[in-house]
Amino acid sequence: MWTFMLLGLLCASASASAIQARYSSYSGEYGSGGGEPFSHSGLQLEGPITAIRVRVNSFNIVGLQVRYGKVWSDYVGGKLGDLEEIFLHPGESVIQVSGKYKYYLRKLVFVTDKGRYLSFGKDTGTSFNAVPLHPNTVLRFISGRAGLFVNAIGLHWDNYPSNYPSY
């Protein structure tokens, strides 16, 4: 009797896992070794990425902030430079991130599934290009290291959250 109950429980658990299959992957870390670590892990539970703020100066990406659903992450990086802000359209997602770095991040380009290229910074340094490992997945949150500038960035990909409205 207990064997059948245990077998039934295992089958139900396995089918629930198949229904909620995750396809997460990670790209990075791109940049140099300095700065303090940061992570927006957990903020993806607030919803999809809906806006991006990037502070730039003549040479580097100085700071970064991302909005998840309607909640802004903590700002990371320095305070000097011009702040640029771009909002994603409802239902739009980031599907590729490229950029350049030397000692700090110098350029970031966010490519969306609607064909938009959201570009920040200067076109100098070592190039990188990040895409998710699994098809039909999107950028869900970022991590990295920052001090006076953004030293490095890591990109975390997963399914678009199905339980959120199109912001």
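Numbering of residues begins at 1 and proceeds along the displayed sequence. Basis for what follows: all heavy atoms, side chains included, without hydrogens, waters or symmetry-related copies. It should be emphasised that the depicted structure is a prediction, and the values quoted were computed from it without experimental measurement.
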- Determine, stepwise, if the pair Val111 / Val131 fulfils side chain to side chain contact (heavy atoms under 4.5 Å, CB included). CA-CA 10 Å; Val111 180; Val131 294; over 6 Å; no
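- By the criterion of side-chain heavy atoms lying less than 4.5 angstrom apart, applied directly or through intervening Ile, Leu, Val, Met, Phe, Trp or Tyr residues, Tyr104 is not grouped with Val109; the two fall into different hydrophobic clusters.
- Under the 4.5 Å side-chain criterion, counting only non-hydrogen atoms from C-beta, Tyr23 is not in contact with Asn136.
- Just one of Gln65, Arg53, Arg55 meets the side chain to side chain donor-acceptor pair (under 3.5 Å) condition when paired with Tyr75; it is Arg55.
- Side-chain contact between Lys107 and Ser127 is absent, with no heavy atoms from C-beta onward closer than 4.5 Å.
- Relative orientation of the His156 and Phe141 rings is parallel, given thresholds of 30° and 60° on the angle between their planes.
- Side-chain contact check for Lys102 versus Thr124: every heavy-atom pair is 4.5 Å or farther apart.
- Closest heavy-atom contact between Trp157 and Leu139: CE3-N, 3.2 Å.
- Side-chain N or O atoms of Asn60 include none that pairs as donor or acceptor with a backbone N or O of Val62 at under 3.5 Å.
- When the shell of 6.0 Å around CG of Asn129 is examined, it contains more than 12 heavy atoms from other residues, nucleotides or ligands.
- Heavy atoms of other residues, nucleotides or ligands lying less than 6.0 angstrom from CG of Leu80 number 12 at most.
- The aromatic rings of Tyr101 and Phe128 sit tilted, their planes meeting at an angle between 30° and 60°.
- In this structure the side chain of Leu43 never reaches within 4.5 angstrom of the side chain of Val66, judged on heavy atoms.
- For the pair Ser32 (side chain) and Tyr103 (backbone), a donor-acceptor distance under 3.5 Å is present.
- Between the side chain of Gln44 and the main chain of Gly42, a donor-acceptor pair closer than 3.5 Å is present.
- A continuous path of hydrophobic side-chain contacts links Ile153 to Ile86 [ILVMFWY only; heavy atoms under 4.5 Å].
- Both Ile61 and Val97 are part of a single hydrophobic cluster, where members link through side-chain heavy atoms under 4.5 Å apart.
- Within 6.0 Å of the CG atom in Leu148, the count of heavy atoms belonging to other residues, nucleotides or ligands does not exceed 12.
- Few gaps surround CZ on Phe87; more than 12 heavy atoms of other groups in view lie less than 6.0 Å from it.
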